[in-house]
A.B. asks: 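Sending over a structure as structure tokens; questions will come in a sec.
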Amino acid sequence: MANISIYGLYTYYPAVFDDMTVPEQLDRDLVIDHIIAECFELELLYPDPIFLKNLIKIWSGSESAVWEKMYDTTVLEYNPIWNKDGKIDIIRSGSYTDNGNNTGSVKGFNSEAWADHSRSIAENNGTSNGNETRIEQGNIGVTTTQEMIRQERDVAEFNIYAYIADSFKQRFCILIY
């Protein structure tokens, strides 16, 4: 019994990937090359070229937004050893009223009773407004710098083309050897 691989089908029918969509930031030919290289010897689940072409169109159309988001995460600009980087804007406004009545009392050394010695009455009304911007950046100490460097290396090793090829393999190849 003959097995049909993506390489064999692509050689026979090169239009199999014609309707595949990929995010515009990616090189479409490089995506196809990665798929063929990754799945070269694997048998296809759907060996009919026209049917597979339609399925690739549906699959790539539904996955394209995911691929774009995955790609976008690889080009973010950030400091890899900071786990806090942000700006906090605090806006304060309001009015206040303060009415106070204070009485001071004293007790003599030879008396048990308290006697008033002073009294003050104060009334304050006003408004206050203010803005404050606080920038918080750096490593807040939850994760060590070495751990964040290790995680950054994992990010650097991510390959969107290999990710798409693996997605194709999981969807369209028979993975029983």
Side-chain angles (χ1 to χ4, degrees), residues 1-92 130-177:
M1 182 173 164
N3 296 334
I4 297 179
S5 68
I6 190 62
Y7 176 72
L9 191 64
Y10 182 67
T11 303
Y12 168 73
Y13 185 70
V16 72
F17 288 109
D18 280 358
D19 295 335
M20 183 175 76
T21 57
V22 297
E24 63 183 51
Q25 305 95 315
L26 301 180
D27 181 338
R28 188 174 175 283
D29 293 333
L30 196 53
V31 170
I32 294 167
D33 291 344
H34 267 77
I35 290 171
I36 291 171
E38 179 69 22
C39 306
F40 188 85
E41 78 285 355
L42 299 174
E43 182 179 359
L44 287 173
L45 191 57
Y46 309 104
D48 179 84
I50 304 299
F51 185 66
L52 183 61
K53 178 181 178 182
N54 289 330
L55 289 179
I56 290 172
K57 176 183 178 183
I58 294 167
W59 165 76
S60 65
S62 66
E63 293 291 315
S64 195
V66 173
W67 300 337
E68 186 168 354
K69 193 67 153 169
M70 295 296 283
Y71 174 78
D72 288 346
T73 64
T74 66
V75 295
L76 289 174
E77 290 188 28
Y78 61 95
N79 187 324
I81 58 171
W82 287 358
N83 53 12
K84 186 171 193 171
D85 185 13
K87 181 171 80 170
I88 299 171
D89 289 323
I90 301 168
I91 299 170
R92 293 186 187 107
N131 295 335
E132 176 184 342
T133 299
R134 203 169 57 216
I135 296 176
E136 298 181 348
Q137 300 173 319
N139 184 346
I140 61 172
V142 176
T143 308
T144 66
T145 301
Q146 291 81 2
E147 289 174 38
M148 289 190 288
I149 290 170
R150 236 179 269 118
Q151 292 170 357
E152 178 64 16
R153 288 177 180 158
D154 292 342
V155 170
E157 290 178 353
F158 178 76
N159 181 335
I160 188 66
Y161 295 99
Y163 180 84
I164 294 171
D166 186 62
S167 177
F168 181 92
K169 179 169 63 172
Q170 298 298 322
R171 176 65 184 93
F172 295 110
C173 296
I174 298 174
L175 299 176
I176 300 172
Y177 305 105

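Only heavy atoms go into these numbers, but all of them, side chains included; no hydrogens, no water, no symmetry mates.
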A.B. asks: Can you name the nearest heavy-atom pair linking Ile174 to Leu44, along with the distance?
C.D. replies: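 Residues Ile174 and Leu44, closest heavy atoms: CD1-O, 3.8 Å.
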A.B. asks: Measure the spacing between CH2 of Trp67 and CD1 of Ile164 and express it to the nearest 0.5 Å.
C.D. replies: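 Reported value, rounded in 0.5 Å steps: 5.0 Å.
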A.B. asks: Just verifying a value: how many Å separate Tyr71 OH and Glu24 CD, rounded to the nearest 0.5 Å?
C.D. replies: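 Separation between the atoms: 10.5 Å.
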A.B. asks: Minimum heavy-atom separation for Cys39 and Ala165, please, with both atom names.
C.D. replies: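 Heavy atoms only, the tightest pair is SG-O, 4.2 Å.
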A.B. asks: I'd like to know whether CD of Gln170 has more than 12 heavy-atom contacts from other residues, nucleotides or ligands below 6.0 angstrom.
C.D. replies: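 Result for CD/Gln170: enclosed.
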A.B. asks: As an exercise, state the distance from OH of Tyr13 to CG of Asp18, rounded to the nearest 0.5 Å.
C.D. replies: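 One finds 7.0 Å between OH of Tyr13 and CG of Asp18.
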A.B. asks: In chain order, what residues pass the salt bridge (Lys or Arg N to Asp or Glu O under 4.0 Å) check against Asp48, with sequence neighbours excluded?
C.D. replies: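 Asp48 satisfies salt bridge (Lys or Arg N to Asp or Glu O under 4.0 Å) with no residue once adjacent residues are dropped.
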A.B. asks: State, yes or no, whether a side-chain contact exists between Arg171 and Tyr46 at a heavy-atom distance under 4.5 Å.
C.D. replies: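 Heavy-atom side-chain distance check passes, below 4.5 Å.
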A.B. asks: Using atom types as modelled, flag every donor-acceptor pair under 3.5 Å from a side chain in residues 53-66 to any protein atom, sequence neighbours excluded.
C.D. replies:
residue: Asn54; atom: ND2; partner: Ile50; partner atom: O; Å: 3.4
residue: Trp59; atom: NE1; partner: Ser167; partner atom: OG; Å: 3.4
residue: Ser60; atom: OG; partner: Thr21; partner atom: N; Å: 3.0
residue: Ser60; atom: OG; partner: Thr21; partner atom: OG1; Å: 3.4
residue: Ser60; atom: OG; partner: Ile56; partner atom: O; Å: 2.9
residue: Ser60; atom: OG; partner: Lys57; partner atom: O; Å: 3.3
residue: Ser62; atom: OG; partner: Ile58; partner atom: O; Å: 3.3
residue: Ser62; atom: OG; partner: Trp59; partner atom: O; Å: 3.0

A.B. asks: Looking only at non-hydrogen atoms, find the nearest pair between Thr73 and Met70 and report the distance.
C.D. replies: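 Smallest interatomic distance, heavy atoms only, reads OG1-O, 2.6 Å.
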A.B. asks: Minimum heavy-atom separation for Thr11 and Tyr7, please, with both atom names.
C.D. replies: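 Heavy-atom minimum between the residues: OG1-O, 2.7 Å.
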A.B. asks: For Glu68, check side-chain contact (heavy atoms from CB on, under 4.5 Å) against everything at least two apart and list the hits.
C.D. replies: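 side-chain contact (heavy atoms from CB on, under 4.5 Å) list for Glu68, sorted by chain: Pro23, Gln25, Asp72.
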A.B. asks: State which residue, out of Ile36, Ile35, Leu42, Val31, fulfils the side-chain contact (heavy atoms from CB on, under 4.5 Å) condition with Phe168.
C.D. replies: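 For Phe168, the side-chain contact (heavy atoms from CB on, under 4.5 Å) test succeeds with only one of Ile36, Ile35, Leu42, Val31, which is Ile35.
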A.B. asks: Indicate yes or no for a side-chain donor-acceptor contact from Ser5 to the backbone of Glu41 under 3.5 Å, with no hydrogens or angles considered.
C.D. replies: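 Answer holds: no.
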A.B. asks: Given side chain to side chain contact (heavy atoms under 4.5 Å, CB included), test Ile6 with Leu52 step by step and report yes or no.
C.D. replies: CA-CA 10 Å; Ile6 190 62; Leu52 183 61; 4.0 Å; yes
